[in-house]
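Heads up: the structure comes next, in structure tokens.
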Amino acid sequence: MKDLLAGLNPSQKEAVTWPPVRPLLILAGAGSGKTRILTHRIAYLIEHGVPAFTILGVTFTNKAAQEMRSRIERLVAQRVWISTFHSTCLRILRQDGPAMELDRNFIIYDEYDQLQVIKECVAELKLDEKKVNPKAVREEISRAKDFLISPEQYLAKAMDLFQDSVGKVYKLYETRMMRLKACDFGDLILKTVVLFDRHPEVLKAWQDRFQHILIDEYQDTNHAQYRLVKLLASARHQITVVGDPDQSIYAWRGADIKNILNFEKDYPDAGAIRMEQNYRSTPVILEAANHLIRNNQMRRPKALWTEQKGGAKIDLYNAEDESAEAKYVVGNVMKYKGQGRTFADQVIFYRVHAQSRVMEEELMRANIPYKIVGGTRFYDRKEIKDVIAYLRVVAYPHDEVSLKRVINVPTRGIGKKALETLQAAAQGRTWDEVLQGLSTVEGLTPKVQKSLSSFYAWITKLRNKQCEMTVHEILERVLEDTGYVTALEAERTPEAQARLENIEEFYSVIEDFNETADQRLEIVEDGAESAPAEMAQSPLAAFLDSIELVTNLDAWDQGTNVLTLMTLHTAKGLEFPIVYMVGLEEGIFPHVNSFAGPSEEIEEERRLCYVGMTRAREKIHLSYATTRRMYGATHQNLPSRFLTEIPAGLCDARATFSRGSYRDEDDDQDSVSRSVCDADPDPDPIIEFDDDPPAPDRSRDRYSR
DNA sequence: ACGGAGGATGTTTTT
DNA sequence: CATCCTCCGT
């Protein structure tokens with residue numbers, strides 16, 4: 001026990017040792033050691049007689065979950081159920097979904113799959129895709145689910161024609177998803193809440209299972225997640241939540257900051273502990289971040305502090321255009337490299353993925369190894385989606401979306417006409433049933449008939465054998481029998497080559513899955529383990545589950561010596577010695593879309609900026625470009641308002657690199673700075689730095705169009 | 001049925 | 001700028 005408390009400050013100690021039977025709110029500022037506190041608290045509970053299998057830990061990403069799990073294992077050599085809301089709900093539904101007529105073998109539909117279903121619904125309702133944009137509908141439906149709003153409730157509240165259409169699509173979408181035995185991401189949470197609401201006995205069982213609940217990043221929970229937590233915790237009130245309202249960056253996704261602000265109302269016997277001492281960054285960085293975030297009106301005052309002294313000033317650079325900005329970053333990356341820092345010590349944050357491309361070009365030119373986290377996810381690539389669709393067709397006969405995707409890939413003579421005929425023949429039945437009774441379908445040419453029936457026979461054979469085969473073997477069969485690989489090889493283009501490599505890579509995803517099989521064993525009682533409900537399915541179905549909820553961050557390994565690029569959203573929870581934040585321009589960051597809405601949206605952008613800055617341990621580089629080409633058009637953006645909100649005294653606006661050269665120019669600082677000034681006839685920054693942040697109305701005047 | 005060309009379209013952030 | 005979609009020639 002002494003180990004667990006060693007080196008903790010008083011408030012950290014209080015948080016770790018807070019009575020397990022009382023609710024606890026930990027308001028943990030950035031870099032205040034919140035992961036450490038959570039893991040130590042869980043370890044502390046276990047050391048004080050709480051059985052490990054009665055603890056539930058919820059994190060924001062799978063990566064964080066994995067990290068926390070292994071830290072706890074190191075502390076107390078016990079395995080604890082730590083995962084995301086989505087993975088947790090998936091397990092609950094796999095086990096108890098049948099109680100509410102949810103097929104145990106439901107399939108998870110991602111955004112792409114959702115969109116396919118929505119498009120069909122829009123078409124069936126004879127709505128105009130131009131007016132009822134499927135992607136917009138998807139957003140609306142997802143948001144409705146975040147707030148536990150049913151189609152009927154949505155329709156009742158529809159204010160205009162668009163919402164009315166959305167409501168109708170939503171309704172049809174739900175019946176369709178039911179028939180497809182499919183759940184989208186929102187369903188995982190929503191259906192679990194419904195399950196608990198309707199079946200007290202099921203809820204009771206899970207309350208007994210999860211007697212102690214700890215939630216990380218509580219400021220970013222949405223209403224559905226809030227209800228879920230409340231249901232689970234209602235029996236015992238043994239709940240600990242950790243969060244930081246200043247780091248709430250997912251309101252656009254339904255996150256409700258009130259969840260954390262009202263925690264003490266929800267649990268009147270709750271204690272609250274604030275942790276504002278920062279162990280990560282220099283005072284310069286913290287002061288800048290504190291100043292920035294003070295501009296948010298709707299916020300409780302808070303300021304991070306540190307015992308550290310000194311620290312390098314924030315480097316601010318005004319680039320001519322986006323490629324000059326990239327050169328600035330690359331120049332500095334090499335400078336630090338020359339000083340003995342690694343590439344992995346440094347990270348580039350941007351607001352939108354589209355900004356990564358210029359950076360990439362410059363990094364390639366300089367031969368700097370880099371890794372982009374996010375962007376087009378590995379699993380979003382066409383070939384990977386194809387391959388997964390094949391696997392899903394084998395595992396889930398009811399997965400029509402996947403079937404439609406691969407039925408003619410590679411081409412086997414099934415064209416538009418044939419698909420229409422099948423659709424017409426379906427009449428509410430699934431395509432699987434249609435294919436079963438293929439001979440009765442009228443209007444297909446003999447050639448198509450033959451092609452379809454041999455395709456279906458092949459699928460059926462694979463389905464029947466899937467339990468005796470490894471996932472690897474099934475994939476091999478698919479790729480060989482369909483001629484998918486052969487077709488790509490025949491193309492003989494670099495693109496096809498890249499696709500083949502990605503498919504090779506997919507094999508290693510399967511290997512990873514096999515190697516980590518023991519980690520998915522469920523902890524049923526002290527020491528005992530058993531395969532969880534979803535493992536009772538075929539290995540293939542279990543594998544598909546495991547890849548469905550992974551995020552782009554999960555595959556990222558901070559250890560390897562490469563420079564990392566990512567969006568600010570992905571950056572949450574991470575830390576780096578040296579941070580570059582690029583594109584600090586009005587319209588980019590804060591993003592244009594935040595201008596029109598209520599001021600909360602700008603405040604969320606500001607929190608995002610705050611999150612980015614507080615990732616840095618030693619040094620921040622901020623940059624903006626005077627002109628920027630994006631989405632094919634050139635824009636002239638004003639410097640970001642956030643730059644004016646950082647005190648000038650903390651910034652060094654002179655660039656310390658040499659243009660057009662990636663060499664370490666360290667012993668040549670003076671001439672380097674001069675060369676930059678020479679190139680810039682007007683060395684005065686465009687932005688005026690005030691020691692006091694500008695009044696909000698003034699800054700709005702200045703930047704609004 | 002298929003594949004290419006060309007046009008329209010929409011572009012934030014993600015579990 | 002890139003993706004999706006449609007239309008047209010084969």
Side-chain angles (χ1 to χ4, degrees), chain A residues 58-65 83-90 108-112 114-116 119 129-130 133-136 138-139 142-143 145-146 183-190 216-217 220-222 224-225 248-255 322 349-358 373-377 379-380 382 408-420 444-445 447-448 451 491 548-554 566-572 583 587-597 601 604-605 607-609 611-612 628-635:
Chain A
V58 180
T59 58
F60 200 68
T61 62
N62 290 302
K63 188 166 181 79
S83 65
T84 61
F85 274 110
H86 294 268
S87 311
T88 303
C89 289
L90 175 61
I108 304 163
Y109 272 3
D110 67 10
E111 293 184 314
Y112 167 87
Q114 265 184 293
L115 198 62
Q116 309 310 309
K119 279 180 183 168
E129 268 206 22
K130 302 245 162 53
N133 178 297
K135 280 187 181 158
R138 180 180 61 190
E139 281 313 298
S142 301
R143 218 57 346 104
K145 290 187 175 182
D146 288 342
C183 287
D184 58 34
F185 288 160
D187 283 334
L188 293 177
I189 316 288
L190 179 142
D216 195 8
E217 308 279 12
D220 277 325
T221 50
N222 64 32
Q225 291 163 339
S248 156
I249 53 175
Y250 286 99
W252 55 272
R253 210 175 75 184
E322 74 281 359
F349 294 148
Y350 35 74
R351 177 68 238 267
V352 297
H353 285 301
Q355 289 171 264
S356 68
R357 173 164 284 223
V358 213
V373 181
T376 313
R377 274 164 73 228
Y379 295 101
D380 288 340
K382 183 184 176 299
N408 199 32
V409 177
T411 51
R412 47 175 76 85
I414 321 289
K416 203 168 143 238
K417 192 81 190 300
L419 295 180
E420 275 167 15
L444 292 172
T445 65
K447 214 173 120 198
V448 169
S451 176
E491 276 189 42
E548 211 51 67
L549 294 176
V550 302
T551 67
N552 35 53
L553 186 64
D554 296 332
M566 63 176 83
T567 65
L568 285 149
H569 280 88
T570 351
K572 190 164 79 161
I588 302 281
F589 192 23
H591 194 270
V592 244
N593 294 7
S594 66
F595 295 165
E601 292 189 26
E604 179 149 311
E605 297 282 307
R607 289 193 292 269
L608 193 56
C609 189
V611 166
R628 174 180 301 271
R629 267 186 84 77
M630 243 184 141
Y631 304 125
T634 307
H635 298 274

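Lettering follows sequence order; numbering is per chain, from 1. Given the structure is predicted, the values throughout are model-derived calculations rather than measurements.
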Which nucleotide, dC1(C), dT14(B), dA1(B), lies nearest any side-chain atom of K417(A)?
dA1(B)
Can you tell me which nucleotide in dT15(B), dA1(B), dT14(B) comes closest to the side chain of A418(A)?
dA1(B)
Could you tell me how far apart [X] ([atom1]) and [N] ([atom2]) are, to the nearest whole angstrom?
X       : N       : atom1 : atom2 : result
E217(A) : dT14(B) : CD    : P     : 15 Å
H353(A) : dG10(B) : NE2   : P     : 21 Å
W252(A) : dT14(B) : CH2   : P     : 6 Å
N222(A) : dT13(B) : CG    : P     : 20 Å
F185(A) : dT15(B) : CZ    : P     : 8 Å
Q225(A) : dT15(B) : CD    : C1'   : 8 Å
I189(A) : dT15(B) : CD1   : C1'   : 8 Å
H591(A) : dT13(B) : NE2   : P     : 7 Å

Proximity of W252(A) and H569(A) rings by center, below 6.0 Å:
yes
By nearest nucleotide on DNA chain B, pick out whichever of R412(A) and N593(A) is the more 5' one.
R412(A)
Which part of the nucleic acid does [X] contact within heavy-atom distance under 4.0 Å: base, sugar-phosphate only, or nothing?
X       : result
I414(A) : sugar-phosphate
A633(A) : nothing
E111(A) : base

For [N] and [X] - does any side-chain N or O of the residue sit under 4.0 Å from the phosphate oxygens OP1/OP2?
X       : N       : value
T570(A) : dT14(B) : yes
T411(A) : dA1(B)  : no
R357(A) : dA2(C)  : yes
N408(A) : dC2(B)  : yes

Would you call F85(A) stacked on dT15(B), i.e. ring centres under 5.5 Å apart with the planes less than 30° off parallel?
no
Is H569(A) stacked against the base of dT13(B), taking the criterion as centroid distance under 5.5 angstrom and interplanar angle under 30°?
no
N/O donor-acceptor pair under 3.5 Å between [X] side chain and [Y] backbone:
X       : Y       : value
E604(A) : A251(A) : yes
R351(A) : G583(A) : no
S451(A) : K447(A) : no

Give every pair of a protein N or O atom and an N or O atom of nucleotides 4-10 of chain C that lie under 3.5 Å apart, one pair per line with the distance.
residue : atom : partner : partner atom : Å
dC5(C)  : OP1  : K119(A) : NZ           : 2.7

Under 30°, 30 to 60°, or over 60°: which ring-plane class applies to F60(A) and Y250(A), parallel, tilted or perpendicular?
tilted
Hits for side-chain contact (heavy atoms from CB on, under 4.5 Å) against T411(A), two or more places apart or cross-chain, chain-then-number order -> N408(A)
By side-chain contact (heavy atoms from CB on, under 4.5 Å), E139(A) pairs with (sequence neighbours left out) R143(A)
dT13(B) and dC4(C): how far apart are their P atoms, nearest whole angstrom?
15 Å
E420(A) and K417(A): salt bridge (Lys or Arg N to Asp or Glu O under 4.0 Å), yes or no, with the steps?
CA-CA 5 Å; E420(A) 275 167 15; K417(A) 192 81 190 300; over 6 Å; no
